[in-house]
Amino acid sequence: MGLTGPTAAPPLPAHRDPWESRLLGDEDLLGDIAAAIGGPFHVLYPERVTANIAAFRETFDQAGVTGAIYYGKKANKAACVARACAEAGAGIDVAGTGELVAALAAGVRGADLVVTGPAKSEDLLWLAARHGALIAVDALDELARLTALGPPARALLRVLPEGRTSRFGLDAEELAAAVASIDPSGPITLEGFSFHLSGYAAAPRAELAAELVGRCLGARALGHRADTISIGGGFGVDYVGAADWARFGDPDPRWFHGDPPRGGYYPYHFPAPGAAMLGEILGHHAAPGTGTLADLVRADGIRLAIEPGRALLDRAGSTVFRVQGVKTRTAHGHPYDIVTVDGTSLSLSEQWFDSEYLPDPVLWPVTPGEPTPTVVGAATCLESDLLSRRRVPLTRRARVGDLLVYPNTAGYQMDSNESAFHELPVPPKVVLRPARDRLRWTLDAPPR
Ligand SMILES: *Cc1c(COP(=O)(O)O)cnc(C)c1O
């Protein structure tokens, strides 16, 4: 049973970074920003991105592996994140000319870009080749188009893992054909192989990477460079504590306003997230008696690339809405509130995958009160447009004018689905930086 009866979901408080505690604990800052913006907004703390990059790099160093970190840019569009990558010496994984141009504008050099995505446009292939970016080739016809373009190009071949259903990558036969078709003294340099797996397990990534070491050696025998393996993204993020996650368990349908989401949930408690998961991958023995993946790549002088999106953004941002209305309803005889905020679930993408973003939003100002199960609705006319369909056990009753802060939203929640639906403005991004004894805020903007 929840904090406030059988119709309230159990609490799922998010892990909190010091900067988030500082923001929530400051008497004025959030309120001042909200007053200046006049609508929902996102907050980003790029220093946390820098720290996340450093943690991945440290893991590579400890394993004695030459690593390369490419930020999976689709996870957040903020210019300050790309800039943090550039300053920290990380590359960026882009999938279109818009992302490529934004990465270059943020200061990431062309040689530090990897271009993924299926059937890339002629313009994208040409720009990527011009800037010396690494191009993850997804299909034979794409390879033919890249070859015909003319300028020298650096290529990886994206692998369709055997037994997986995916629309991306080349199967075993196509891989062999691709390797054979590239002239080692021609314009295309075959630098290696890549993959990106769904799911968040370490072992399949380590095993496939180990298999690709063999493919690199085979390609080298044909005269190719083949010294890079990119294992893609999918590094987990730990949003909530183990005990809270266990209590949430198999959710009770009574916790939800209307039907519960059917799309399944992200594993919000993730015991070995981010850099720790990279450590597991590097330390994995692909087969008994063989070395770890780190041993294998070290022995053959292979550079291991990763493309973390979500994990580089862990605890690097929050999303803030203003409470615009509060009404009380009952379910199974228990009262709960329906709060309407000034934004939409387009700023919290999970709902659009018939799922729900589960780390609990926090009411600001943080003051004591009567715990209240609360559903969060959007300022739109869609019945289904709810930011939280479950009755979140808010620690007090929401009032009009309060702010509702969704934690840890930088990875995919913020802006992958945003649009000006209902002619509501798209929420701006606010960048927070430490300034002596306080936090200073500016608007996120491309460089001028
Ligand atoms: C989306 C994507 C990533 C990033 O995935 P995360 O789960 O955010 O780490 C990396 N590489 C490719 C090819 C992708 O499509």
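Order of appearance sets the numbers: ligands from 1, and atoms from 1 within every ligand. Below, each value reflects all heavy atoms present in this structure, side chains not excepted, and no hydrogens, waters or symmetry copies. Here the structure is a predicted model, which is why all the values come from computation and not from measurement.
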Around atom 7 (O) of ligand 1, find the nearest protein heavy atom and jot down its residue, atom name and distance.
G234 N, 3.2 Å
Taking the cut-offs as 6.0 angstrom to the six-membered ring centre and 45 degrees off its axis, would you call R22 and Y45 a cation-pi pair?
no
re atom 8 (O) of ligand 1, the protein heavy-atom contact at minimum distance is Y412 OH, 2.6 Å
In the protein, which heavy atom is nearest to atom 14 (C) of ligand 1, and how far is it?
K74 NZ, 2.9 Å
Is P308 close enough to touch ligand 1? Criterion: a residue heavy atom under 4.0 Å from a ligand atom.
yes
Pair F195 + F168: ring centers closer than 6.0 Å
no
May I ask whether Y200 has any heavy atom positioned less than 4.0 angstrom from an atom of ligand 1?
no
Heavy-atom distance under 4.5 Å between the side chains of F235 and D314, does that happen here?
no
Does D227 pair with R303 as a salt bridge, N-O distance under 4.0 Å?
no
Check this for me - ligand 1, G309, N or O atoms closer than 3.5 angstrom, yes or no?
yes
Return the option from R310, K73, E307 holding the heavy atom at the smallest distance from atom 10 (C) of ligand 1.
E307
Is it true that R215 and E211 have a side-chain N and a carboxylate O under 4.0 angstrom from each other?
no
Where ligand 1 meets R158 - atom numbers and elements under 4.0 angstrom, heavy-atom basis
13 (C)
Report yes if the side chains of F248 and R390 come closer than 4.5 Å at any heavy-atom pair, otherwise no.
yes
